[in-house]
Amino acid sequence: MLELRLVQGSLLKKVLEATKDLVTDANFDCSATGFSLQAMDSSHVALVALLLRSEGFEHYRCDRNISMGMNLNNMSKMLKCAGNDDIITIKGDDGSDTVTFMFESPNQDKISDFEMKLMDIDSEHLGIPEAEYHAIVKMPSSEFQRICKDLSSIGDTVVISVTKEGVKFSTRGDIGTANIVCRQNKTVDKPEEATIIEMNEPVSLTFALRYLNSFTKATPLSESVTVSLSSELPVVVEYKIADMGYIRFYLAPKIED
Amino acid sequence: DSKQGNILSFFKKI
């Protein structure tokens, strides 16, 4: 028996919008810790890891660990039928091949049930080691989104370099080149508008902009984004989900031939 | 020239 009641149902809607174009099918894992997902894109270039902690739900009942295989496009279709202010409850029964999404309007005058078929998915759970990163950049998520979008009109890849000068995003394409440098800026009205650069050592890595642009679909989930870079690891692009957890995207770098 | 790296070369299946 599984029953998860999420008062801020829009969070789940936003999570699906952020993941459905990257991953087709995925197992949602439910345990005492929370509601989580780990999945790679079909080419194994990117990985998404989601955690919505149990404490963030108004009601969280999960009698035993359960894994539910879902087609994210179909799940998104169903969640789009929920209002932005609706409370969403996810319900499942042991051994059932369906999951139910219940939507309640804020004043309880409309209650909807959507039952979705589950699917068997061979999950490949990966161990993600705790790591020291060479540099961690925290910046407004809208700014990161703007940079990725702007650069993708010029080139296909971006070089992200962190030095003591700041973080530089560079691209080149048939029409020319572009460089955007963001310096640390803590003198802002609100903490989420700050750009904070922690650098242990300079780092420079190349990534496919197509994937970074896909990650920025998570922008509505958080005012700020954290980009963690190490020359030995995939970049981590993390959006914190207020009071609940996070969505993290990992992207393997381009490697010099 | 560069080639695209793969997540599975960084993270191992468990």
Side-chain angles (χ1 to χ4, degrees), chain A residues 22-23 26-27 29 36 38-49 67 122-131 133 155-160 170-172 204-212 214-215 228-237 248-257, chain B:
Chain A
L22 193 66
V23 175
N27 279 318
D29 298 313
S36 65
Q38 190 203 76
M40 282 184 285
D41 78 302
S42 58
S43 55
H44 297 174
V45 169
L47 178 143
V48 55
S67 193
D122 280 335
S123 65
E124 293 174 323
H125 226 77
L126 303 182
I128 301 171
E130 287 287 320
Y133 284 89
D156 297 329
T157 61
V158 60
V159 180
I160 306 179
S170 309
T171 192
R172 62 173 59 243
S204 182
L205 289 159
T206 306
F207 300 101
L209 277 165
R210 184 165 71 86
Y211 287 93
L212 293 176
S214 176
F215 302 167
S228 302
L229 296 146
S230 165
S231 55
E232 287 109 41
L233 289 168
V235 64
V236 191
V237 179
R248 290 177 186 153
F249 299 98
Y250 297 81
L251 176 61
K254 293 263 189 175
I255 301 161
E256 287 303 316
D257 246 348
Chain B
D1 237 18
S2 61
K3 63 173 184 176
Q4 177 60 58
N6 190 303
I7 286 288
L8 293 171
S9 60
F10 295 95
F11 301 148
K12 298 298 165 214
K13 291 179 190 176
I14 49 174

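What you see below is based on every heavy atom in this structure, not just the backbone, and it leaves out hydrogens, waters and symmetry mates. Below, chains carry the letters A, B, ... as their sequence lines are ordered, and counting in each starts from 1.
Looking at heavy atoms from C-beta onward, B:Ile7 lies in side-chain contact with A:Leu126 at the 4.5 angstrom threshold.
Contacts of A:Phe215 classified as ring-ring contact (aromatic ring centres under 6.0 Å, His included), with partners at least two apart in sequence or in another chain: A:Phe249.
Between the CZ atom in B:Phe10 and the CG atom in A:Leu47 there is a gap of 12.5 Å [rounded to 0.5 Å].
Residues A:Gly127 and B:Phe11 come closest through the heavy atom pair O-CB, 3.6 Å.
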Please report all inter-chain donor-acceptor pairs (under 3.5 Å) between chain B and chain A, with distances to 0.1 Å.
{"residue": "B:Asp1", "atom": "O", "partner": "A:Asp257", "partner atom": "N", "Å": "3.0"}
{"residue": "B:Lys3", "atom": "N", "partner": "A:Ile255", "partner atom": "O", "Å": "2.7"}
{"residue": "B:Lys3", "atom": "O", "partner": "A:Ile255", "partner atom": "N", "Å": "2.6"}
{"residue": "B:Gln4", "atom": "NE2", "partner": "A:Ala252", "partner atom": "O", "Å": "2.8"}
{"residue": "B:Gly5", "atom": "N", "partner": "A:Pro253", "partner atom": "O", "Å": "2.9"}
{"residue": "B:Ile7", "atom": "N", "partner": "A:His44", "partner atom": "O", "Å": "2.8"}
{"residue": "B:Lys12", "atom": "O", "partner": "A:Gly127", "partner atom": "N", "Å": "2.8"}
{"residue": "B:Lys13", "atom": "NZ", "partner": "A:Glu124", "partner atom": "OE2", "Å": "3.0"}
{"residue": "B:Ile14", "atom": "N", "partner": "A:His125", "partner atom": "O", "Å": "2.7"}

